[in-house]
Structure formats: C-alpha cells, structure tokens
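Below: the structure, in structure tokens.
Values in this document were obtained by computation on a predicted structure and should not be read as measured data. In what follows, chains are A, B, ... by sequence order, proteins preceding strands, each numbered from 1.
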2 protein chains.
Amino acid sequence: MPKVTEQYKDNRRAQITAAAARCFAAKGVHRTSMSDIIAESGLSAGAIYNHFKSKQEITVSVGATLIKGRVLEAVQALESEAGPVGPGQLLGRALRELDSGRVDDQPLSAVIIQLWAEAVVDETLMVLMQQQIRTIRTGFVGPIKRWAREVHGQTPARAARWADEVSQLLISMATGYVIQRALFPDFDRRKYIADAQRIITSMTP
Amino acid sequence: MPKVTEQYKDNRRAQITAAAARCFAAKGVHRTSMSDIIAESGLSAGAIYNHFKSKQEITVSVGATLIKGRVLEAVQALESEAGPVGPGQLLGRALRELDSGRVDDQPLSAVIIQLWAEAVVDETLMVLMQQQIRTIRTGFVGPIKRWAREVHGQTPARAARWADEVSQLLISMATGYVIQRALFPDFDRRKYIADAQRIITSMTP
DNA sequence: GTCTATAGCCAGATAGAC
DNA sequence: GTCTATCTGGCTATAGAC
C-alpha cells in the first residue's frame with residue numbers, strides 16, 4: 001500500500017470530521033443532516049460515504065477528535081514542567097484548556113453535551129466517552145497522590161484514597177462546567193474557574 | 001367552562017407526557033418517533049395532536065414534569081424539619097432524591113442528559129432547564145448561608161459569598177452525578193454520594 | 001375528543017458515470 | 001475517489017369520518 005494514500009485518506013476523514021463538528025456546534029447533532037455535512041465539507045455525498053459508512057460513524061469520529069490533544073495533555077504537561085501539582089492547579093489547567101477550545105467560534109461544551117446524550121443510546125460512542133473521562137480522571141490521580149504524599153506527608157494508602165475522591169470531585173467540576181457553559185449563555189466562566197480553584201485549593205488531605 | 005373538562009385535559013396531557021418519558025428513557029429523545037409515543041400511550045395520533053401541537057411541545061412537557069416535586073422539595077423539607085443544615089446534608093439529600101427517581105425502571109439521568117442536549121438547540125427547553133437548575137441552586141443558598149452564620153459565626157457578607165461558591169460546587173456535583181450515572185452503567189452511586197458528602201462536609205467557611 | 005388513513009416531506013444512503 | 005442524480009423509507013403532522 002502506498003503511504004501517500006493512507007495519508008490522503010486521513011486528511012479527507014479529518015476534513016469531513018471537522019465539517020461535521022462545525023455543523024454539530026451550529027445546529028446540534030440530530031438537526032444536522034448529511035446534506036449539511038456535505039455542503040459544509042465542500043465534498044459530495046459519494047465522496048463522504050466513501051470514507052464513512054454512516055452518519056453515526058462520523059459522529060463517533062467527531063467524538064474521538066473533539067478534545068484530542070487538549071485537556072489531558074495540558075494536565076500532563078503541567079506535571080512534567082513543575083514540581084508537585086495540587087488539585088487546584090490541575091483543575092484550573094483542565095478547565096482553562098476546555099474553555100479555550102472552540103468549534104467554529106462555538107464552545108466545545110455545546111458539542112460535548114450532544115455527544116454525551118448520543119452516547120446514552122449509542123454503545124460505541126458510550127465506550128468512547130467513558131474512555132475519555134476515565135483517561136482524564138486517571139491523569140488527575142497521579143499528581144494528586146504525589147502531592148498528598150510529598151507536600152502533606154500522607155501515607156501511600158491515605159494519599160491514594162484521597163486522590164480517588166478528589167479526582168472524582170474534579171471530574172464533576174469539569175462536567176459541571178460543560179453543562180453550565182452550554183446551558184447558560186451568560187455563564188461566567190472566569191468566576192466559575194476562579195471559585196472552583198479557590199475551593200479546591202482550600203482542601204487538604 | 002365546566003371544571004371536569006379542565007381536569008380531564010390535564011390527565012390526558014399527563015398520560016401522554018408519561019408515555020413520552022418512558023419512550024425517551026428507552027430509546028432517547030430523537031430515536032423516539034411519534035408512533036412510539038402513540039403506541040406507548042395507548043392513544044391515537046389524532047388524540048395526541050389534540051393536546052400537544054408537536055413533538056417538541058411534548059418534549060418540553062416531559063422536561064417540565066420529570067423532576068417536579070423531587071429534588072428541590074426534598075431539600076426544602078429537610079430545612080423545615082431540622083435545624084441548620086450543612087452543605088453535606090443538602091447534597092446527600094438532593095442526590096439521593098435524584099437517585100431514587102425512575103422512569104420505567106431507568107434512572108432519570110438518561111432522560112435528563114437528553115433534555116440538556118436538546119436544550120442547547122431549543123430555546124424553550126433551554127429556559128426551562130435554566131430555571132430548574134437555578135431554582136435548585138437558590139434552594140441550596142439559603143440553608144448554606146444560614147449554616148455559615150449560625151454554626152460557624154460568619155458575617156452575613158462572608159456567609160453569602162461562601163454560600164454562593166458552595167452552591168455552585170453542589171450543582172456541579174449534582175450534574176456530575178447525572179452525567180456519570182448515565183454514561184457508566186456500573187457507576188457506583190452509593191460511593192459517589194458518600195464520597196461527595198464526606199468531602200463537602202470536611203469544608204468549612 | 002378520538003379514531004384511521006394518509007399526505008407530504010426530507011432524511012440517510014446508494015448507483016453508476018466519469 | 002469523486003461526482004450527480006435518485007431511491008427508499010420513515011418521519012411529523014393533518015384530514016375527515018364518527
């Protein structure tokens with residue numbers, strides 16, 4: 001197989017996925033028709049169905065790429081560049097990263113909610129969303145554990161337990177951010193992030 | 001206007017709304033067709049369209065009744081029956097109430113997510129969901145403020161600020177609960193509630 | 001108010017030329 | 001691989017008898 005072809009296919013898929021994401025952001029997943037995606041991508045029906053076998057596959061592809069290289073990577077970068085990182089810093093970094101993501105000038109939250117809802121009735125998407133959330137949570141656990149041990153002198157067992165609970169809290173703060181950002185047009189993201197960070201920072205193991 | 005008729009109409013609307021909710025829980029909002037709702041309600045197309053002018057109106061009706069008389073009322077009841085109520089108790093009560101709600105043996109969360117997603121692209125539903133979340137949050141603020149003043153001797157100003165931040169946290173814990181309950185079939189609700197409560201309880205103004 | 005039957009539409013997906 | 005043209009099916013909503 002010539003390597004150019006593989007590359008080419010990936011590019012086309014990315015092009016289609018990005019177009020679909022823009023449509024989803026503008027109209028929601030199930031108000032977006034294939035015609036919309038076709039028009040937005042600049043391709044034709046035939047071309048698109050050559051790369052994806054259904055709208056559902058495109059939707060999954062959007063889900064797979066939407067936060068790729070964002071939240072988790074930002075958190076991991078934070079850990080490698082600094083010393084022990086507390087939960088407040090982790091949350092701040094994650095939320096700011098989530099906040100800066102855009103699809104055609106719309107916040108990611110609008111699309112993420114759609115995908116979560118879709119996941120409830122689509123097994124493939126559900127597994128994908130689970131993986132992403134679990135991956136982020138796991139990314140939180142390590143630093144928090146280390147922080148509890150090194151900064152607060154906790155035993156490994158207590159540190160692990162603490163990290164488990166706090167990481168859950170951080171995930172909820174992140175999902176809470178997504179929901180409210182999507183549902184309240186006047187949602188004060190800055191204040192949410194600042195308040196969340198302050199509250200979390202005030203907690204010690 | 002005879003009063004029986006008004007009552008009758010309400011009953012029919014409730015019947016249709018309940019049937020729709022069951023469908024939404026089973027198949028998701030946009031995989032549910034009018035035929036599904038018709039079959040589930042035991043009525044006919046004509047009958048249904050006599051009470052609702054579109055599927056969208058039915059969806060809004062489901063949204064309006066789904067958590068009616070649950071979360072908020074439970075929290076308020078707690079406040080009137082006991083003395084000052086701390087944030088941990090508030091959250092526990094709210095989550096347990098959310099947890100006990102069912103639509104045809106399915107958790108409420110599955111339907112709530114669908115409605116949130118729909119709200120992003122439906123103005124009416126969006127306003128409704130905003131109201132519900134705001135109402136619950138406001139229901140949290142009062143008790144928390146009182147608790148901060150009476151139990152921890154905070155000044156009114158500091159108590160108010162604290163209540164504002166903590167109520168936001170509680171809302172996020174609740175939305176986080178909904179998301180994870182819907183996305184993870186093996187989600188450990190008991191542990192979530194217990195952990196959340198413990199963490200919140202450990203926080204003082 | 002409720003029924004059955006169906007209009008009318010638009011969705012997702014395919015066929016076949018290039 | 002991509003295009004245009006089109007099929008098929010199911011959807012929401014309505015018409016009109018009772």
Look at the side chain of [X] and decide which nucleotide, out of [options], has an atom nearest to it.
X	options	value
A:His51	C:dT2, D:dT2, D:dT12	D:dT2
A:Lys9	D:dT2, C:dT2, D:dG1	D:dG1
B:Tyr49	C:dT2, C:dG12, D:dT12	D:dT12
B:Ser33	C:dT4, D:dT12, D:dT2	D:dT12
A:Leu43	D:dG1, C:dG12, D:dC3	D:dC3
A:Ser35	D:dG1, D:dA5, C:dA11	C:dA11
B:Ala45	D:dG1, C:dG1, C:dA5	C:dA5
A:Ser44	D:dT4, C:dT2, D:dA13	D:dT4

Whole angstrom is fine here: how far is it from [atom1] in [X] over to [atom2] in [N]?
X	N	atom1	atom2	value
A:Asp36	C:dG12	CG	C1'	12 Å
B:Tyr8	C:dG1	OH	C1'	6 Å
A:Phe52	C:dA13	CZ	P	13 Å
B:Glu57	D:dT12	CD	P	15 Å
A:Met34	D:dT8	CE	C1'	16 Å
B:Lys53	C:dG1	NZ	C1'	20 Å
A:Asp10	D:dG1	CG	C1'	15 Å
A:Ile38	C:dA11	CD1	P	10 Å

Query - Straight-line distance of B:Gln132 CD to B:Leu115 CG, nearest 0.5 Å - result: 8.5 Å
Query raised in the report: Between B:Lys55 (side chain) and B:Val29 (backbone), is there a donor-acceptor pair under 3.5 Å?
Result: yes
Query raised in the report: Side-chain N or O of A:Arg31 less than 4.0 angstrom from OP1 or OP2 on C:dA11?
Result: no
Query raised in the report: Distance check: side-chain N/O of B:His30 vs OP1/OP2 of D:dC11, anything under 4.0 Å?
Result: no
Report task. List the steps and the verdict of side-chain contact (heavy atoms from CB on, under 4.5 Å) for A:Leu43 and A:Arg12. Result -> CA-CA 10 Å; A:Leu43 295 174; A:Arg12 274 285 185 262; 4.0 Å; yes
Query raised in the report: Are the side chains of B:Phe24 and B:Gln114 in touch, meaning some heavy atoms are under 4.5 Å apart?
Result: no
Query raised in the report: Does any donor atom in the side chain of B:Tyr192 or A:Ser172 lie under 3.5 Å from an acceptor atom in the other side chain?
Result: yes
